[in-house]
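Just the heavy atoms: all of them, side chains too, but no hydrogens, waters or symmetry mates, feed the values below.
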Amino acid sequence: MSFLDRFEKKVEGTVNGVFAKFGSKDLQPVDLSSALEREIDAQAMPVGRDRTVAPNEYRFKLSTPDFDRIESWGSEAMANELADNLTKYAESQHYAFIGPVVVIFEEDLDLAKGDFHLSSESVQGNAAPVTTPSETKDCPVLEINGRQYLLTAQQTTLGRGSNCDIVIDDPGISRKHLEIDITDKGVIARDLGSTNGTYVEGHQVPAATLLDGNTITIGRTRILYWASAQEQE
């Protein structure tokens, strides 16, 4: 089963087939996912013998009817699904990113229903998903739900909100739940006043200095901390 097939099945299951009610002439989620894959293939650029960097920020301009439809369903959830699907595709193609994969929807009054315009760019972020085995930069790494993220800045925020550096789809997580600070004295996990708290090695803490291999739990999500990507080889 292809990435698009799995994605379409997942979306249909999530929204109980709501998109099927729009008719075959309406813009479908799979159309957007397919467009993202074409865009990343077209824009990915080799920057070394073993590294191909792809854009990580994707911006859809949509007609008013299509924009309103996505807003009514939940644009944030749709954007997260598309970004997750594209990250999986990037892994299959061995593309690397310099920041988190982000999908943005914007309304364009000049576009007709069913039409859209997609643009992309590479935007440096505080965390970048690890998509290739060759990414061994000496940075701390978080492993979340089977995916690894390089922490490339001094501060990285995690939460359910789309403005976080790492977005986690877990209803038990606050919109802005946890911050990871890289300091001269070590890497520190700080709870950001979350509703359900932050646990390190099973103990609820407002803040804790992380050691290689530590487990952080927020909501129902288990996060593994590694001191550097080199440890994962």
Side-chain angles (χ1 to χ4, degrees), residues 1-15 19 27-47 50-60 70 73-105 116 118-137 139 141-152 156 158-162 164-170 173 219-224 226 229 232-233:
M1 184 180 292
S2 71
F3 285 109
L4 289 179
D5 290 338
R6 286 199 298 270
F7 175 70
E8 190 171 32
K9 184 177 181 180
K10 183 177 181 181
V11 170
E12 286 176 352
T14 302
V15 300
F19 280 101
L27 188 65
Q28 301 291 328
V30 69
D31 298 326
L32 303 180
S33 187
S34 181
L36 286 168
E37 291 188 8
R38 291 194 300 271
E39 178 71 8
I40 197 173
D41 286 338
Q43 300 302 325
M45 181 177 298
V47 295
D50 300 318
R51 183 173 169 85
T52 300
V53 173
N56 60 297
E57 185 170 292
Y58 296 82
R59 194 174 300 269
F60 280 104
I70 289 177
W73 179 77
S75 60
E76 185 173 315
M78 171 61 73
N80 290 342
E81 291 285 359
L82 288 167
D84 184 65
N85 187 67
L86 188 63
T87 302
K88 290 185 175 70
Y89 179 75
E91 291 172 355
S92 75
Q93 302 301 309
H94 306 294
Y95 297 149
F97 299 112
I98 63 171
V101 180
V102 178
V103 175
I104 300 167
F105 299 116
F116 62 87
L118 174 61
S119 60
S120 62
E121 61 180 325
S122 291
V123 179
Q124 184 74 46
N126 292 358
V130 177
T131 53
T132 70
S134 62
E135 290 181 88
T136 57
K137 187 176 178 181
C139 291
V141 173
L142 296 182
E143 185 172 329
I144 308 169
N145 296 327
R147 177 167 295 150
Q148 295 181 353
Y149 298 85
L150 290 173
L151 304 184
T152 58
T156 304
L158 295 82
R160 196 165 39 85
S162 59
C164 289
D165 299 309
I166 300 177
V167 178
I168 305 174
D169 184 15
D170 181 335
I173 293 176
R220 296 181 178 178
T221 299
R222 183 171 175 262
I223 302 169
L224 292 176
W226 306 106
Q232 304 309 302
E233 292 188 316

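The shortest non-hydrogen separation linking Pro129 to Pro100 is CD-CA, 4.0 Å. Pairing each heavy atom of Ile104 with each of Val102, the nearest pair is CG1-CG1, 3.8 Å. For the residue pair Ser162 and Val167, the shortest heavy atom distance occurs at CA-CG2, 4.0 Å. Taking each heavy atom of Asp170 and Arg160 in turn, the nearest pair found is O-CD, 3.3 Å. In this structure, Arg51 and Phe97 approach most closely via the heavy-atom pair NH2-O, 4.2 Å. The heavy-atom pair separating Ile98 from Ala128 by the smallest distance is C-CB, 3.9 Å.
The backbone N or O of Tyr89 lies less than 3.5 Å from a partner atom in the side chain of Ser92, making a donor-acceptor pair. At least one donor-acceptor pair under 3.5 Å links the side chain of Thr87 to the backbone N or O of Ala83.
For the atom pair CD1 (Ile144) and CD1 (Ile168), the distance works out to 4.0 Å, reported to the nearest 0.5 Å. Note that CD of Glu37 and CD of Gln93 are 8.0 Å apart. Values are rounded to the nearest 0.5 Å. Atom CG of Leu150 sits about 12.5 Å away from atom CG of Asn126, to the nearest 0.5 Å. Rounded to the nearest 0.5 angstrom, Ser33 OG and Gln28 CD are separated by 12.5 Å. Taking CH2 of Trp226 as the start and CD of Gln148 as the end, the distance is 8.5 Å to the nearest 0.5 Å.
Glu39 and Ser120 are linked by a side-chain donor-acceptor pair at a separation below 3.5 angstrom, with hydrogens and angles left out of the test.
The shortest side-chain heavy-atom distance between Tyr149 and Leu158 does not fall under the 4.5 Å cut-off. Looking at heavy atoms from C-beta onward, Leu27 lies out of side-chain contact with Phe60 at the 4.5 angstrom threshold. Between Val103 and Leu86, every side-chain heavy-atom pair lies at or beyond the 4.5 Å cut-off. Inter-residue side-chain proximity for Gln124 and Thr152 is flagged as met; some heavy-atom pair is nearer than 4.5 Å. Looking at heavy atoms from C-beta onward, Asp84 lies in side-chain contact with Arg147 at the 4.5 angstrom threshold. Proximity of Asn85 to Leu36: side-chain heavy atoms (C-beta onward) are nowhere separated by under 4.5 Å.
Each of Asp41, Thr52, Thr131 was checked for a side-chain hydrogen bond (donor to acceptor under 3.5 Å, both in side chains) with Tyr95, and the lone residue meeting it is Asp41.
By the neighbour-count criterion of 12 heavy atoms within 6.0 Å, atom CG of Asp169 is sparsely surrounded, having that number or fewer from other residues, nucleotides or ligands.
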